[in-house]
Each structure stands twice: as structure tokens, then as C-alpha cells.
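Structure first, then comments.
None of the values given here were measured: they were computed from a predicted structure.
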Amino acid sequence: MSQPAFGIVPAGQPVITTPTEAPSPTSFLYAIPQGGPGSTAGAAKPFSHIVVFLLPGVALPPDTAAAIYLVTPGPPGHATPTSRFLGGVGPGKESAIFNLGPSSSSSSSPYSPPSSSSSPIVIGISLEPAESVAQRIAERSAASSSAGAATSGAVVARPSTLVLAQRIIRNAFNFLAGFSGQAGQVEVVPLKAFEDWWRKFESRLRTDPGFLERED
């Protein structure tokens, strides 16, 4: 594509439309400056999100979409950079916001948060088959959802029905013990005391449904 096709807006910075480099007619690199420790006054601010959009009047080649990548230097001793797929834009989704932080589905990402470095952040845009880009977006969303579900499952551990029943009985016993009296040789509790316990217990359940699950 001979003319600018994409706009990139790093959070807190002006829009960028001209690529820093175009390795091929269908791929573009944008080196975006950012601030960091030791930055001088007036330097670009650090950022963690970007907006990528198609410029007005731009039409991508038929059946293609723009795949968006975060490009990072390769490991020490390796000149080849690595890239992480962020998502895509194209017909029907002309703009999108991307978080440049570590991928939730990949703990091995070499990327560090933008605020930790003043080196430019490089965004790669590649024109690829629309079906392939859509599939990768769906896979990335599914991986993020699975990671979130696994985390939630690890955090939430509900007590068993038996434990809950024991806690209800203990709660009732502790409340009613102060109302017990003797009727001959039999220890009794007034019915009104039980009614008072139930009323207070039911009220607490309404205002704090999870209190039994938190009891020691």
C-alpha cells in the first residue's frame, strides 16, 4: 500500500500515521517513543494501551484484515525479534484498543511493562487473510477466558453442605444457650428465644449471604 492506511494513538500521545519501516508492501512497523526513568522534560509519556484504526477512505484488499503485533527484541545473542499477536482490525471492526501489558495467556512473554523502559515500543501491522486473523482473535479470547476461569476456580472454595449445617447449628446453640432454664429435671429454651434467633439469623443472611462461608 503506497499511502498511509493506519492510525495509531498511544495513550496520551498524538496520532501516528506514518510507519517507521515497511519491510514489505503488506507489513509495517511503527516505533513509538515513550518516557521512562531518566527521561528529560518534554519527552514522550509512558503508555500501556494503544488504539489502532483504519484511516478514513482506506479499503483493505479483499478478504484481508490487519493483524496487530507487539514486536520485541530477541533474547540476548539473537538478532531475530519476537512478536506477540494482539488482535486485528479490518472491515466491520475498523478500530480497536490493545493492552500492551503481559499476555494473560502466556507467562513467558518477553515483554516488560512500558513504564520500565524508555526504549521505543514497536508495533507491527501485517495484512493477512481475514479468516486467519479472525481465528487467531477467537483463540486468544478463548485462552484469556480459560485463564480467568482457572484463576476463579482456584480462589473460590466453598464449604461442603455438612460444614454449613454444622455452622448453622453452632450459631443457634451459641445464641440460645443464654436463654436456657430448668423445668424440673429438664433444661428448656423458650420458644420466643428460638424465634428471635431465627429472625436475626435470617436478617444477617439477607445482608451478608456469605458470612457462613467465612466462619472459622
Side-chain angles (χ1 to χ4, degrees), residues 1-35 44-148:
M1 305 181 74
S2 57
Q3 62 181 17
F6 305 98
I8 298 179
V9 182
Q13 295 193 29
V15 63
I16 299 170
T17 59
T18 303
T20 308
E21 183 181 351
S24 76
T26 58
S27 61
F28 312 90
L29 296 175
Y30 299 79
I32 308 172
Q34 61 165 339
K45 297 179 180 179
F47 58 92
S48 59
H49 291 75
I50 62 169
V51 176
V52 179
F53 60 94
L54 285 172
L55 292 175
V58 170
L60 299 182
D63 301 320
T64 66
I68 315 300
Y69 298 91
L70 174 64
V71 182
T72 57
H78 296 76
T80 304
T82 59
S83 60
R84 174 157 64 86
F85 178 74
L86 298 176
V89 297
K93 186 182 179 183
E94 285 75 16
S95 65
I97 300 175
F98 301 105
N99 183 353
L100 304 183
S103 171
S104 59
S105 59
S106 175
S107 59
S108 61
S109 171
Y111 179 68
S112 299
S115 60
S116 66
S117 171
S118 58
S119 301
I121 288 178
V122 179
I123 300 299
I125 300 181
S126 173
L127 298 185
E128 301 176 9
E131 184 177 353
S132 173
V133 175
Q135 182 178 352
R136 295 180 68 185
I137 292 175
E139 291 172 351
R140 190 173 187 276
S141 298
S144 297
S145 298
S146 297

Please check if the number of heavy atoms outside Ile97 that lie under 6.0 Å from its CD1 is greater than 12.
no
Donor-acceptor contact present, side-chain Glu94 to main-chain Gly92, <3.5 Å:
yes
How close do Phe53 and Ser95 get, counting heavy atoms only, and between which atoms?
CB-CB, 3.6 Å
At what distance, to the nearest 0.5 angstrom, does OG1 of Thr26 lie from CD of Glu128?
8.5 Å
Would you list the atom pairs, donor with acceptor, under 3.5 Å between side chains in residues 5-12 and any protein atom, with sequence neighbours excluded?
none

Heavy-atom pair of closest approach, residues Ala66 and Leu60:
N-CD1, 4.0 Å
For Pro61, is there any backbone N or O sitting under 3.5 Å from a side-chain donor or acceptor partner on Thr64?
yes
Rounded to the nearest 0.5 Å, what separation is found between the CD1 atom of Ile68 and the CD1 atom of Ile123?
8.0 Å
Starting at CG of Leu29, measure out to OG of Ser126 and round the result to the nearest 0.5 Å.
10.0 Å
Give me the atom names and distance for the closest heavy-atom approach of Leu70 to Leu100.
CD2-O, 3.9 Å
Tell me if a side-chain donor or acceptor on Arg136 pairs with a main-chain N or O of Phe85 at a distance below 3.5 Å.
no
Determine the minimum heavy-atom distance between Ala67 and Val133, stating which atoms define it.
CB-CG2, 4.1 Å
Within the distance-only criterion (no hydrogens, no angle test), does the side chain of Thr20 pair as donor or acceptor with the backbone N or O of Ala31 below 3.5 angstrom?
yes
Test item: side-chain donor near acceptor, Gln135 and Glu139, under 3.5 Å
yes
Closest heavy-atom pair, Pro4 versus Thr17, reported as atoms and distance to 0.1 Å, is CB-O, 3.4 Å
